[in-house]
Amino acid sequence: MGFNPEDIRADFPILQTKVYGKPLVYLDNAATTQKPKSVVDTICGNYYAQNANIHRGVHFLSQRATEAHEEARKTVQKFLNAKSAREVIFTRGTTEAVNLVASSFGKAFCKEGDEIVVSQMEHHSNIVPWQILQSDRGVSLKVIPFDEKGVLQVDKLNDLLTERTKLVAVAHVSNTLGTVNPVKEIVRMAHERGIPVLVDGAQSVPHMKVDVQDIDADFYVFSGHKIYGPTGIGALYGKEEWLDKLPPYQGGGEMIKNVSFEKTTFNELPFKFEAGTPDYIGSTALAEAIRYVEAIGMDNIARHEQALLKYATEKLSQIENIRFIGEAENKSGLVSFLVGDIHPYDLGAILDKLGIAVRTGHHCAEPVMKAFGIEGTVRASFGIYNTLEEIDILAAGVERAARMFRR
Ligand code: 7TS
């Protein structure tokens, strides 16, 4: 496995929580991950020792906070293998990063009749911002479908790309199906026609090595809270050539060079896109989270989570009338399922009473539910601190719930 999850667990105080007297089994990592002590300590330490607004101050604390924020940017840059720190924009998370691109790219490049291509397995965060552009600019959305196993039908992409396609926006990993999409191939196909690609990395960055230059994505976005970092911080990677061409998303302090009532000039990258006081405490805590996962090793994390996925799939398969939603060969560490006609909320509520935290519902991916003709699923999603024993507890819990409903 490359590392011992028991050692990792000791770094996460919340995992000691008892739920209704039972040990917490936290399997809702796709929604958000728990935080190691080092991340929480970084937040506290920064507030205790180096809090001051950044970039504007000549004084000691302000300079120290500025350096930490800019170091954090470099940490994200290296983590994603971006060419330059100017290509890393701090945002509130994936959602804000997609909205930033949709809004700015839309303003600069989209007009009535243009097309944006998304996939059928997108999280609402990578659908709705493009729909807003639809009503603002009159662009239309085209959708890459997936098959019955939840595999994206990439061969259909060529037919969807036209002279009117302005951008392709696709998830690297589906939060509902777990499918890992061949984003490098998608980028290659789009680039053959000169079309830029945004990749939603919310569910990939925490679980595998991501190299934005290798993928050749034009934009790549992720959230800090899904990679053991704090809430309220995430990043947009954008190729400098694209970010240079995009107008600012929000106006305010920090993103300007000069302001007068007659004319305002904008700051250079990355500050052009960071209006107002940025979350400089969050950025440094995110950098600490990145250091934390890198010390474990992204390849070790991927191997561990693949082992959990394999074991969970085998164990849960033994349950009568279980139906997996998402059976791609290339899957990330999560299982979405239904058992017989038990409502996912009922199953989730019983698992909760056993101390097991899973997510139920449509997981903000209603088009996926529609494609399968279901209302929702139960989803167990794995992280670095999960163990095979926890999978046993999950499988026993699902079996117990199934028996209750069979009676
Ligand atoms: N994109 C994907 C693929 C996601 O899984 C999520 C969140 C988002 C975007 C939005 O991220 P945010 O941090 O900006 O909110 N996914 C989930 C989930 O699966 N359950 O809760 C949130």
Side-chain angles (χ1 to χ4, degrees), residues 26-35 76 89-103 118-132 143-144 146 150 152 168-181 183 186 197-208 210 215 217 219-237 249 279 282-283 285-286 289-290 305 325-326 328 330-337 344-345 348 357-369 376-383:
Y26 187 77
L27 298 175
D28 194 17
N29 294 287
T32 201
T33 51
Q34 303 302 344
K35 319 303 167 198
V76 175
I89 314 292
F90 284 116
T91 65
R92 284 198 299 121
T94 303
T95 302
E96 190 179 50
V98 178
N99 275 280
L100 189 163
V101 176
S103 167
V118 297
S119 92
Q120 196 181 11
M121 64 175 80
E122 296 311 308
H123 185 278
H124 297 165
S125 290
N126 199 25
I127 299 175
V128 183
W130 307 110
Q131 283 175 330
I132 291 175
V143 183
I144 319 169
F146 56 74
L152 208 58
V168 176
V170 68
H172 196 163
V173 172
S174 156
N175 70 318
T176 314
L177 305 166
T179 312
V180 181
N181 289 319
V183 285
I186 292 170
V197 179
L198 175 142
V199 178
D200 174 352
Q203 299 294 348
S204 46
V205 161
H207 307 291
M208 60 181 74
V210 167
I215 296 169
F219 304 100
Y220 198 101
V221 300
F222 74 97
S223 298
H225 69 96
K226 292 189 200 284
I227 181 166
Y228 313 100
T231 52
I233 188 88
L236 158 67
Y237 156 81
Y249 174 52
D279 187 357
S283 62
L286 169 60
I290 290 173
E305 292 173 357
I325 307 296
N330 198 359
K331 241 184 103 167
S332 177
L334 68 83
V335 280
S336 261
F337 58 91
Y345 293 141
V358 292
R359 186 138 297 234
T360 59
H362 56 58
H363 317 296
C364 294
E366 286 192 44
V368 174
M369 302 304 135
T377 73
V378 177
R379 181 188 69 186
S381 53
F382 313 129

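Order of listing sets the numbers, starting from 1, for every ligand and every atom in it.
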- request: Kindly state each residue pair satisfying salt bridge (Lys or Arg N to Asp or Glu O under 4.0 Å) with at least one member in residues 91-100, sequence neighbours excluded.
  value: R92-E96
- prompt: Can you list the residues that meet the side chain to side chain donor-acceptor pair (under 3.5 Å) rule with S223, with sequence neighbours excluded?
  reply: T94
- request: Return yes if a side-chain donor-acceptor contact under 3.5 Å exists between H363 and T176, otherwise no.
  value: no
field: Nearest heavy-atom neighbours spanning V76 and A235
entry: CG1-CB, 4.2 Å
Which pairs of nitrogen or oxygen atoms, taken one from ligand 1 and one from the protein, are under 3.5 angstrom apart?
| residue | atom | partner | partner atom | Å |
| --- | --- | --- | --- | --- |
| ligand 1 | 1 (N) | D200 | OD1 | 3.4 |
| ligand 1 | 1 (N) | D200 | OD2 | 2.5 |
| ligand 1 | 5 (O) | Q203 | NE2 | 2.7 |
| ligand 1 | 13 (O) | S223 | OG | 2.7 |
| ligand 1 | 13 (O) | H225 | NE2 | 2.7 |
| ligand 1 | 14 (O) | T95 | N | 2.9 |
| ligand 1 | 14 (O) | T95 | OG1 | 2.5 |
| ligand 1 | 16 (N) | H123 | NE2 | 3.4 |
| ligand 1 | 16 (N) | K226 | NZ | 2.9 |
| ligand 1 | 19 (O) | N175 | ND2 | 2.8 |
| ligand 1 | 19 (O) | R379 | NH1 | 2.6 |
| ligand 1 | 19 (O) | R379 | NH2 | 3.3 |
| ligand 1 | 20 (N) | R379 | NH2 | 3.3 |

Set of residues satisfying side chain to side chain contact (heavy atoms under 4.5 Å, CB included) with respect to A97, sequence neighbours excluded: T91, V221, L236
task: Would you please indicate if the ring centroids of H172 and H207 are separated by under 6.0 Å?
output: no
